[in-house]
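Written below as structure tokens is the structure these notes are about.
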Amino acid sequence: MPRLRFSVRDAQGAEIYAWNAVLEQTTLKPGERPWFKSRPRSPPPEGRNIDVRFFSKRDLVSGQA
């Protein structure tokens, strides 16, 4: 399983804070769902939405590892 990437967005949709998390479960069977819990260390008060996605190669290229 790849890392998860969380990003906090402000009211205009701009990413203002991000962090990654590694799941304890390394593989999934068909139809299985992983359980996880993650918290930002210091979330910005202007945050309005959180996006969750798999960490990708573009994150390495943009320097957001």
Side-chain angles (χ1 to χ4, degrees):
M1 293 277 305
R3 288 185 274 181
L4 294 178
R5 184 167 191 284
F6 301 84
S7 57
V8 177
R9 297 190 179 274
D10 64 13
Q12 291 75 40
E15 183 177 290
I16 55 174
Y17 185 85
W19 74 101
N20 301 315
V22 177
L23 296 174
E24 290 181 23
Q25 192 172 354
T26 58
T27 60
L28 291 176
K29 296 176 184 172
E32 192 174 17
R33 296 179 184 186
W35 292 96
F36 63 89
K37 183 176 183 178
S38 183
R39 291 182 182 209
R41 290 188 179 178
S42 54
E46 62 273 16
R48 295 296 174 260
N49 297 301
I50 296 178
D51 293 336
V52 181
R53 64 175 173 78
F54 289 117
F55 189 88
S56 69
K57 288 182 183 179
R58 78 172 180 220
D59 297 312
L60 292 173
V61 172
S62 66
Q64 298 178 3

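Count residues from 1 along the sequence.
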Closest approach of P44 and I16, non-hydrogen atoms and distance?
CG-CD1, 3.6 Å
Hey, any chance I50 and F36 share a hydrophobic cluster, counting ILVMFWY side chains that come within less than 4.5 Å of each other, even indirectly?
yes
When you compare the side chain of [Y] with that of [X], does any pair of heavy atoms fall below 4.5 Å?
X	Y	result
N49	E15	no
S38	F6	yes
V8	W19	yes

Show the numbers, then the answer: is there a side-chain contact (heavy atoms from CB on, under 4.5 Å) between E32 and Q25?
CA-CA 11 Å; E32 192 174 17; Q25 192 172 354; 3.2 Å; yes
Identify whether the distance between the nearest side-chain nitrogen and carboxylate oxygen of E46 and R9 falls below 4.0 Å.
no
Take D10 and R48, measure what side-chain contact (heavy atoms from CB on, under 4.5 Å) needs, and give me the verdict at the end.
CA-CA 5 Å; D10 64 13; R48 295 296 174 260; 5.6 Å; no
Report the C-alpha separation of Y17 and S42 in whole Å, then their side-chain angles, then the decisive distance to 0.1 Å, and conclude whether the side-chain contact (heavy atoms from CB on, under 4.5 Å) test is met.
CA-CA 9 Å; Y17 185 85; S42 54; 4.1 Å; yes
Passes side-chain contact (heavy atoms from CB on, under 4.5 Å), F54 versus L4? Steps please.
CA-CA 5 Å; F54 289 117; L4 294 178; 3.8 Å; yes
